[in-house]
Amino acid sequence: QVQLVESGGGLVQAGGSLRLSCTASGSIELFSINAMSWYRQTPGKQRELVATITRDDSTEYADSVKGRFSISRASVRNTVFLQMNALKPEDTAIYFCLGATRNSDYWGQGTQVTVSS
C-alpha cells in the first residue's frame with residue numbers, strides 16, 4: 001500500500017501562516033520520485049497546481065501564491081513541506097500532496113485549510 005499523508009491544515013485568520021507536511025511511505029521507492037507537488041481544490045473546481053519541487057530542488061509556483069508560499073523537502077525525497085504565509089480567504093481549499101514517479105502519480109487524501117476574513 002502506498003500512503004501519502006498530509007498534515008498541518010486548520011483554521012487561520014487572514015494574514016496568518018500555516019505549514020503543511022506530506023510524508024510518503026509504502027511501495028514508493030525513494031529514488032523513483034521525480035517530483036512532489038501541492039495541489040488544492042475547492043468545491044466545483046478542478047484541482048489547481050500550487051507548487052512543485054523536483055529531484056534537483058528546482059521549484060515552481062502558481063502565480064497566485066508567488067511570494068507567499070514556499071515548498072521544500074526534507075533530507076529524504078519522500079517528505080515535502082508547504083509553508084504558507086500571508087494567507088488570504090481565497091486560499092481556502094483542500095490541499096493535496098502528489099508524489100510523481102516515472103510511471104505513476106500518488107495522491108494523499110488532503111488536508112483542509114480554511115482562512116477566515
Would you say CD of Glu60 has more than 12 non-hydrogen atoms from neighbouring residues, nucleotides or ligands within 6.0 angstrom?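 No, CD of Glu60 has 12 or fewer neighbouring heavy atoms, counting only those of other groups under 6.0 Å.
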Side chain of [X], backbone of [Y]: donor and acceptor closer than 3.5 Å?
X	Y	answer
Thr111	Ser7	no
Glu6	Gln109	yes
Ser37	Thr52	no

[X] versus [Y]: any side-chain heavy-atom pair under 4.5 Å?
X	Y	answer
Met84	Val12	no
Leu20	Val113	yes
Thr79	Met36	no
Asn85	Phe69	no
Val115	Lys88	no

Quick check for you: to the nearest 0.5 Å, what is the distance between [X] atom [atom1] and [Y] atom [atom2]?
X	Y	atom1	atom2	answer
Ile53	Ser58	CD1	OG	8.5 Å
Gln112	Arg40	CD	CZ	12.0 Å
Leu87	Ser117	CG	OG	13.0 Å
Ile33	Thr54	CD1	OG1	13.0 Å

Take Thr23 and Val5, measure what side chain to side chain contact (heavy atoms under 4.5 Å, CB included) needs, and give me the verdict at the end. CA-CA 5 Å; Thr23 299; Val5 180; 5.5 Å; no
Establish whether Leu18 and Tyr61 are linked, either directly or via other cluster members, by ILVMFWY side-chain heavy-atom contacts under 4.5 Å. yes
Cluster link Leu98 to Trp38, ILVMFWY, side chain under 4.5 Å: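 Different clusters.
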What pair of heavy atoms forms the shortest contact from [X] to [Y], and how long is it?
X	Y	value
Tyr39	Val50	C-CG2, 4.0 Å
Arg68	Ala86	NH1-O, 3.0 Å
Ala93	Gln41	CB-O, 3.5 Å
Asn34	Thr101	ND2-C, 3.6 Å
Asp105	Ala100	OD1-CB, 3.7 Å
Cys97	Val80	SG-CG1, 3.8 Å

Could you tell me which residues satisfy salt bridge (Lys or Arg N to Asp or Glu O under 4.0 Å) with Asp63, sequence neighbours excluded, listed by chain and number? Lys66
Angle class for the Phe96/Trp107 ring planes (parallel below 30°, perpendicular above 60°, tilted otherwise)? perpendicular
Within 45° of the ring axis of Phe81 and under 6.0 Å from its six-membered ring centre, is that where the NZ or CZ of Arg73 lies? no
